[in-house]
Amino acid sequence: MSDDHIAAPLEADHEVERVEKARKRTLGNVRLRHHETNEIILIPTPSNDPNDPLNWAQWYKYYIATVICIAMMMCNFLAAGPTIAIVTTTMDFFPGANPATNPGYFGASVAKVAYFFTTTALLQGIGNFFWVPVANKFGRRPTYVLSYLIYTACAIWLCFDHSYNGFLAGRIIMGFGAGAAETIAPITVADVFFLHERGTVMALYTSFLSVGVAFGIIISGLITINHDWRVIYEVAAALVGFVLLLAFFSFPETAFIRDTPQSSDDEYAAPPDPVAGEKADEVANSTDVERASRRPVPKKESYLESLKIFHRTLTDESFLKLVLRPLGLICLPPVLWAALVESVTIGFLVAVTSNVDVAFEAAYGFQSWQVALCFVAALIGSIIGIPAGGHLGDKVADWFTKRNGGIRDPEMRLPAMIPCLITTPLALILYGVGIEHSLHWICPTIGLGLLNFSIVQGTNICLVYVIDAYRPVAGEITMAVMGFKSLFGFLLSFYTNTWVAESGYQNAYGVMAAIAAIVILMWVPLYVWGKKIRHVTWQWPVISYIHWSDDREVGE
């Protein structure tokens, strides 16, 4: 879209009735291109305030995105990385648990040590029922700083605790602090970037969600070559502490309260009265310019002022309503589908990493560091997935937007799910069959790469889709999706070893591949009937509680 031109700023609800005709406006249904010039219309409409994140320099926006990605990567670094040393960790906490001399006791002990990682994954999701309302009520900056303060403190704690119960408690609290960045990041992206820019930036976000796991496992595996497994936590504590310093000294508040559009925020309000002729264009444009010129230009916030942890309360809605809204949002079919896609990609990756050390050791006799190096394929898959999930999604959506006369519907992004539909089941089959039959180690390794590609490519498309559809509650949308994914991932990792022991790798991962294919294929009915589905489900009585008030409107 580099050759595209940007149209002059318009009011967010600017329309020309004779051009729009009688189209039904739904959430996410916006005019993204000018009806005459085909220029991109900036959504949301930037204000004249120099403190408006939409007005920040592009390089600074991408710096913010970089900090977000690093924070995202580190929240999974310590959550998943130490799983590569689960064997030595088990032998440390349970002396006598040796796979060679006492396999029965070792198996029972590994199951107990696995709680270190499954409970962390669970709290990463559940904890966001607290963090997302905090971010929506009090701001992004205090959420990042407080959550990473907890994360850093727990990482230091785990360096020194040698008791099983104390270590488990530290991992649980660490999961509560570490999960915030995972869910707050999409809200921050929507704060800073325009609608037509979000796909690529969100692809970076989802890639670092995947990269964090692979990077954590690779670094942890290399550390175990010459050092004790506890050194993993010492290195992680230093890295997490560095991210905390970045957040405190260089991450500003990105939430910005915009003027509420004059039109109702009811997505199904009746269309305005027709205004005939070209005079409608002139009146609308002159009104936009006059409104912008009448507003006084605020003073730009200084660097020291930006270091304030708390700036303002962002919404008058009750904290309880913000907490309960994600529970209602998950009932919306598009949101439930996005959560299921996250579950069959990220959740199945959790299943793989929960026993990958044991699997590769049994099939190929690999040591921990050798297993860790196999996750280089995961890094490569994640990198390839960035343009496939971001730029490709933007291009596909923009192509359909042009065909639709410049009107963008969220569903126009969904055909870009086709690569994920192919690679996800293929990845799980390659991994399961490769381990079951001890095929060349490159077979399950390619499976790891394709699965991480699918996470970046597919989950980015579906997450941007639901955020486009329900933008004013992007935080709760992400919370609903990520929270459900974390619960699914916890249950799956909890039962993976038992499932594999009873059915074998080929059958277990074959079933996972079939489930993944069915879930991802649901993009087709959503593409065809998605707009109608969103229209009907928004009227359900159970959904009425999640409707937001005017102060949650963002001008889209």
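Using a distance-only test at 3.5 Å, with no hydrogens or angles considered, a donor-acceptor pair links the side chain of T315 to the main chain of E317. In this structure, the side chain of K137 does not engage the main chain of L314 through any donor-acceptor pair within 3.5 Å. Panel note: side chain E342, backbone V481; no donor-acceptor pair is recorded below 3.5 Å. Remark: the backbone N or O of I217 is not paired with any side-chain donor or acceptor of S220 at under 3.5 angstrom. Of the possible donor and acceptor atoms, one in the side chain of N128 sits under 3.5 Å from a partner among the backbone N and O of G179. Under the 3.5 Å distance criterion, the side-chain polar atoms of Q457 are left unmatched by any main-chain donor or acceptor of S454. Of the possible polar contacts, one joining the N51 side chain to the K299 backbone as a donor-acceptor pair under 3.5 Å is found. Between the side chain of N452 and the main chain of L448, a donor-acceptor pair closer than 3.5 Å is present.
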| message | If you apply the rule salt bridge (Lys or Arg N to Asp or Glu O under 4.0 Å), what do you find for D49 with K300, and how did you get there? | response | CA-CA 8 Å; D49 190 338; K300 184 171 177 58; over 6 Å; no
| query | What do the steps show when you test L239 against V243 for side chain to side chain contact (heavy atoms under 4.5 Å, CB included), and what is the final call? | reply | CA-CA 6 Å; L239 294 174; V243 176; 5.9 Å; no
| message | Set out, in order, the CA-CA distance, both residues' side-chain angles and the distance that settles side chain to side chain donor-acceptor pair (under 3.5 Å) for D161 and S163, then state yes or no. | response | CA-CA 6 Å; D161 200 313; S163 68; 2.9 Å; yes
| request: Under the side chain to side chain contact (heavy atoms under 4.5 Å, CB included) rule, what do F194 and K61 come out as? Steps first, then yes or no, please. | output: CA-CA 11 Å; F194 294 105; K61 291 183 179 183; 3.8 Å; yes
| Criterion side chain to side chain contact (heavy atoms under 4.5 Å, CB included) on L307 and L304, from CA distance to verdict | CA-CA 5 Å; L307 290 181; L304 290 178; 4.2 Å; yes
| Under the ring-ring contact (aromatic ring centres under 6.0 Å, His included) criterion, do F167 and Y233 qualify, and how do the steps go? | CA-CA 12 Å; F167 201 87; Y233 288 87; 5.4 Å; yes
| field | Step-by-step side chain to side chain contact (heavy atoms under 4.5 Å, CB included) determination, T345 to L349 | value | CA-CA 6 Å; T345 51; L349 179 63; over 6 Å; no
| request: Determine, step by step, whether R534 and E411 satisfy the salt bridge (Lys or Arg N to Asp or Glu O under 4.0 Å) criterion, reporting the C-alpha distance in whole Å, the side-chain angles of both residues, the deciding distance to 0.1 Å, and the verdict. | output: CA-CA 11 Å; R534 286 187 287 115; E411 286 76 18; 2.8 Å; yes
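At least one side-chain heavy atom of I309 sits less than 4.5 Å from a side-chain heavy atom of F248. Within the 4.5 Å cutoff, the side chain of C75 has heavy atoms near those of the Y148 side chain. Side chains of L146 and T143 form no contact here, defined as non-hydrogen atoms less than 4.5 Å apart. Considering only heavy atoms from C-beta on, V464 stays 4.5 Å or farther from I467 through its side chain. Put simply, the side chain of M417 reaches to within 4.5 Å of the side chain of V341, judged on heavy atoms. Using a 4.5 Å heavy-atom threshold, the side chains of Q124 and N76 count as touching. Side-chain atoms of D92 and T88, non-hydrogen and from C-beta on, never get closer than 4.5 Å to each other. Between L324 and L320 the shortest side-chain heavy-atom distance falls below 4.5 Å.
Taken from CZ in F310 to CZ in R312, the straight-line distance is 8.5 Å, to the nearest 0.5 Å. Of the inter-residue distances, the one linking W56 atom CH2 with D191 atom CG reads 8.5 Å to the nearest 0.5 angstrom. Summarising the geometry, atom CD1 belonging to I156 is positioned 13.0 Å from atom CE belonging to M174; distances are rounded to the nearest 0.5 Å. Here the straight-line distance linking atom OG1 of T224 with atom CZ of R230 works out to 15.0 Å at 0.5 Å rounding. For the atom pair T120 OG1 and L78 CG, the distance stands at 8.0 Å (nearest 0.5 Å). Note that OH of Y465 and CG of L414 are 5.5 Å apart. Values are rounded to the nearest 0.5 Å.
Annotation for R171 and P82: closest pair NH1-CG, 4.0 Å, computed over non-hydrogen atoms. Annotation for A214 and F375: closest pair CB-O, 3.8 Å, computed over non-hydrogen atoms. Annotation for A85 and S368: closest pair CA-OG, 4.5 Å, computed over non-hydrogen atoms. In plain terms, the two heavy atoms of S382 and V211 that are nearest each other are CB-CG2, 3.6 Å. Considering all non-hydrogen atoms of both residues, N136 and I187 come closest at OD1-CD1, 4.1 Å. Residues R141 and H311 approach most closely at CD-CE1, 4.3 Å, considering heavy atoms.
Between the side chains of R140 and T188, no donor-acceptor pair is found at a separation under 3.5 Å.
Relative orientation of the F93 and Y164 rings is perpendicular, given thresholds of 30° and 60° on the angle between their planes.
Considering Y151, F242, F215 as possible partners of F77, the one that fulfils the ring pair (Phe, Tyr, Trp, His ring centres under 6.0 Å) test is F215. The side chain to side chain contact (heavy atoms under 4.5 Å, CB included) test with V67 singles out one residue from Y62, F251, Y144, and that residue is F251.
The environment of CZ in F160 is sparse: at most 12 heavy-atom neighbours from other residues, nucleotides or ligands sit within 6.0 Å. Atom NZ of K308 is surrounded by more than 12 heavy atoms from other residues, nucleotides or ligands within 6.0 Å.
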